[in-house]
Amino acid sequence: MKNPLLPLRSLHPTIKVPRRRYAALSSGVLGKLNVPTDYSASSYLAHTSSQTYRLHTDLPEQIRSSKTKRTNYFTAVNDALRTILTTDDKSLIFGEDVSFGGVFRCTSNLTDSFGSSRIFNTPLSEQGIIGFAIGLSASGYTALPEIQFADYLFPAFDQLHNEASKMRYRSGGAEIFNAGRMVVRMPTSAVGHGGLYHSQSPEGFFLGMQGITVVIPRSPVQAKGLLIAAARGEDPVVIMEPKTLYRAAVEEVPLEEYELPIGKAEVLQAGTDVTLVTYGTMVYVAESAARAAKERLGVSVEVIDLRTVRPWDKETITKSVNKTGRCVVVHEASRTGGVGESLAGEVQERCFLRLEAPVTRVTGWDTPMPLAFEGFMVPDVVRVLDGIKRTMEY
Amino acid sequence: MVLLASSRASAWARVSRIRLPPPPNTARHFASSVIARQNAPMKQPPHSNSVLFPGAVNSKFTNELKFQRPQDLPAIPTYRLIDTHGQVVDKSREPDVGQELALKMYKDMVTTSIMDLLMYESQRQGRISFYMVSAGEEGIAVGSAAALAPDDVIFSQYREQGVMMYRGFTLDEFMNQLFANKFDYGKGRNMPIHYMSERLHMHPISSPLATQIPHSVGAAYALKLDQSSRIVVCFFGEGAASEGDFHAALNIAATRSCPVVFICRNNGFAISTPTLEQYKGDGIASRGVGYGIDTARVDGNDIMAVREVTMRARDIALKEQKPVLIEAMSYRVSHHSTSDDSFAYRAKIEVEDWKRRDNPITRMRKWLESKSWWSSEQDQELRTQVRKDILKAFARAEKEKKPALENLFLDVFKIPSRDLEEQMTELRRVIEEYPDEYDLEAFDRGKEGL
């Protein structure tokens, strides 16, 4: 069959393909569409002040005259934590290695400013960290525990699933006896060389935790606003920060404090032919795939960042799919047990009569995350574009 | 109907964690007699001076109310044979080691340390993706390995390359894993330093901390059931000992009397977290006592002391069929890993001081020289040769292909599920449909490898 997508050369004439030097990274992905994301060229990141207010449409009115500063993702998280600590006397940060700034530098300089009774290292025990956080929360304190990698959350599953997620329910909706003042932060997703235990995307496991909200911010502006909102909210929140974005994603972030809405998706790019729903690092892959779809297939893609993956925004997604009639879901996590299953299920129930094609999922495979094949596990631009094409041609 | 309901109820009572009195009309004679036997009070004569509660049968009554204060107990001493100058401390207790074995131990430590240096540097050059050195801890690894039988079973964390070196894991085997090439036993799926060897009875290393500790206890129980003459040895760091898995493991090992030797490498740091923030008690050793486990603490820089303690521990574990805990003290001279810069949380001078003060390799070399078993010329020669050998293995491994792409999907199950077969087909379709986008040259069998 003649492939209408070829040739695809010179799609990114300005991007030099860096020679991948990590031996373990030889994903073999050297083609023209599958080039490493150039975040400095992404239209989803605000490279100027005015872009900040234009791109991030739900930034509150009252801060829209605030000055902005070029800030990377981990510094935006740090800013948010600083804001929370400053405005909430009862807030604390703790976890493994957070005192000196954490292994991803998100808690840098906080000990100096707020003291070691509010920012401190815990012994190396995730179940201890989350259990401790629940106890603080159920005593009126705001607990901001850090789990060093999402891959290492699992010893704390009992605390998170059996305790935090059910505590409000179990206590009959008690005012204090709940885990609502807890925000668990953890780095997540692939870095290209993390392998089995440093590149997982375990968000699917939270889909079965009934009282937990799960947020995956895509950018510095988003990370700051969503974290502050989570800390001031009334339910336990897990914030998963795509670790590959900590240094790579840089944008102009408002200096003033602000909240962004939890539970709400955001349309990053309006389109008419197909709705592409994703979150985290994958929004940038989606951006490239959407551009290629426009240029090569003449397809107009509406790209939506879910932002909150549990409970996700049914209204925004339904509205979009009812408009386009087609839906592609993209995530790094494995196909089975992932957010895509939940999305595909709901979309077919809610938009059945408008669907022109089955909901397509482009996801990680149903395998662990293997080091040598990480580049084949994580959806790339080609696979997303291919998903769009198949959906259009159905 | 009644019968059905009541038998359900008694079954429920047996599995529930909360023991309720059995409901009426149940098979009472069964359920209650089992519970009665388990919880029977111990017979206690009147005016007895001991408690005889089932939970603490050796405790005596006292009229003095006194809390046990940890600081009132002496710290568990640290055993050593050779001091930092390489001198035997107690002349009547010369290490029981011949020249050949001593030199093997020394050479394995040196090889480990040179491999560490070279591989650390190669990560800095972008040749491998990650590395962790064991600088300062070679004595614990090699010393303990030298005390074991070749078929004892090993579970390790990620800083025990010296154990593998001693057991005969070849430089090629190390390099194949580090480069995730097609000869890597883990098929390129793991990050570097996650070694394994079925041949050498060394279970595959996993990144999550402490998960291997309960595994080792289960494996030890299997040996016990087999009436084997082998034991299990499990390595971990003092940071990992904060995980729940450590506590669960020691408790099960003690209650089921499993022939396992736990070796904790206490190197002072869990990434940036110093032991002062990791625990309050007397190291990890004091916990062994709490779990009812024979315990010793040893100077980890004294390879002969490590060997002797491990040999004795092995004896106890094997002959008495019970667990033993060894806490081996050292100092993590290196950064945690290539992803870490430890000078962000500790002073360089502190590290330099330690390096100058003591090091298992220099200590052993001084001892060897004092026995005229080794000279600085031999040392230089050894180091040059080892460096050459490592670089040769390095070059061989680096140019090997990655494992075939099918290995992305294999071994999830013994036989790939239908789902996985479908997904393999899907990836193959994408690669065939977009040939310019995927270069599979680096992988074994290229496009045919899927």
Side-chain angles (χ1 to χ4, degrees), chain A residues 1 3 5-9 20-34 96-97 99-103 120-128 148-149 151-152 154-155 192-198 335-336 365-373 376-377 380-383 385-386, chain B residues 125-130 178-181 184 187-192 194 206-210 239-245 270-274 277-279 339-340 344-345 398 402-403 405 407-409 412 417 419-420 423-424 426-427 430-431 433-443:
Chain A
M1 170 188 135
N3 192 327
L5 291 173
L6 295 172
L8 295 163
R9 324 229 170 255
R20 295 205 181 198
R21 290 167 68 210
Y22 285 154
L25 246 182
S26 301
S27 59
V29 184
L30 292 168
K32 294 295 178 190
L33 266 180
N34 281 338
E96 293 155 19
D97 303 295
S99 288
F100 89 109
V103 297
F120 51 90
N121 289 342
T122 60
L124 210 163
S125 170
E126 293 76 14
Q127 66 195 86
Q148 200 158 68
F149 284 86
D151 312 65
Y152 298 139
F154 296 94
H193 50 96
L196 301 178
Y197 303 111
H198 293 84
R335 184 177 171 85
T336 302
W365 313 109
D366 287 345
T367 73
M369 175 66 85
L371 182 84
F373 312 112
F376 294 93
M377 178 74 175
D380 54 30
V381 179
V382 166
R383 279 179 59 206
L385 181 61
D386 180 78
Chain B
Q125 293 176 13
R127 315 268 288 267
I128 58 172
S129 60
F130 177 80
L178 295 170
F179 280 103
N181 71 24
D184 167 30
K187 298 179 183 167
R189 293 168 184 148
N190 304 279
M191 281 174 76
H194 291 65
S206 177
S207 310
L209 284 173
S242 292
E243 291 279 12
D245 278 350
I271 305 189
S272 77
T273 306
E277 293 176 24
Q278 194 64 250
Y279 55 73
S339 307
D340 175 42
Y345 51 80
E398 190 176 31
K402 304 284 152 217
L405 189 49
N407 290 296
L408 165 52
F409 297 98
V412 178
S417 62
D419 288 358
L420 283 168
Q423 293 179 17
M424 264 166 115
E426 168 66 3
L427 179 57
V430 172
I431 290 171
E433 226 165 283
Y434 305 88
D436 291 355
E437 296 285 354
Y438 297 94
D439 179 1
L440 289 163
E441 266 312 292
F443 296 87

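Basis for what follows: all heavy atoms, side chains included, without hydrogens, waters or symmetry-related copies. Letters A, B, ... mirror the listed sequences (proteins, then strands); counts begin at 1.
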### Query
chain B: which of G195(A), S125(A), S99(A) shares the most heavy-atom pairs with it under 4.5 Å?
S125(A)

### Query
Is there a side-chain contact between V430(B) and F376(A), using heavy atoms and a 4.5 Å cut-off?
no

### Side-chain donor-acceptor contact under 3.5 Å, D380(A) with Y434(B)
no

### Task
May I ask you to check whether F149(A) and Y152(A) place their ring centres under 6.0 Å from each other?
yes

### L405(B) versus chain A, the contacting section by heavy-atom distance below 4.5 Å
both

### Interface moiety of V381(A) toward chain B, non-hydrogen atoms closer than 4.5 Å
neither

### Engaged part of D184(B) at the chain A interface, taking heavy atoms whose separation is under 4.5 Å
neither

### Query
F130(B) vs H198(A) aromatic rings, parallel, tilted or perpendicular, using cut-offs 30° and 60°?
tilted

### Query
Given a strict heavy-atom distance threshold of 4.5 Å, which part of E441(B) is in contact with chain A: side chain, backbone, both, or neither?
neither

#### Entry: Pairwise side-chain contact, H194(B) with S207(B), heavy-atom cut-off 4.5 Å (strictly under)
yes

### Contact origin within L427(B) toward chain A - heavy atom pairs under 4.5 Å
both

### Most chain A-contacting option - heavy-atom pairs closer than 4.5 Å, from M191(B), M424(B), K187(B)
M191(B)

#### Entry: Under 4.5 Å from a heavy atom of chain B, the part of E126(A) involved
both

### Query
Where does S206(B) contact chain A at under 4.5 Å (heavy atoms): side chain, backbone, both or neither?
both

### Query
Side chains of F373(A) and P403(B): closer than 4.5 Å at any heavy-atom pair?
yes

### Query
Side chains of E96(A) and T273(B): do they bring a donor and an acceptor to under 3.5 Å?
no

### Contacting moiety of A241(B), where chain A heavy atoms sit under 4.5 Å
neither

### Message
With a 4.5 Å cut-off on side-chain heavy atoms, are L124(A) and E243(B) touching?
### Response
yes

### Query
Rounded to the nearest 0.5 Å, what separation is found between the CG atom of N190(B) and the CG atom of L371(A)?
8.0 Å

## Note on the structure
Most contact-rich option vs chain B, by heavy-atom pairs under 4.5 angstrom, among Y197(A), W365(A), F100(A), is W365(A)

### Query
Among P208(B), S417(B), S339(B), which residue forms the greatest number of heavy-atom pairs with chain A at distances under 4.5 Å?
P208(B)

### Task
Flag the one option from N407(B), L209(B), I431(B) with the top tally of heavy-atom pairs under 4.5 Å to chain A.
N407(B)

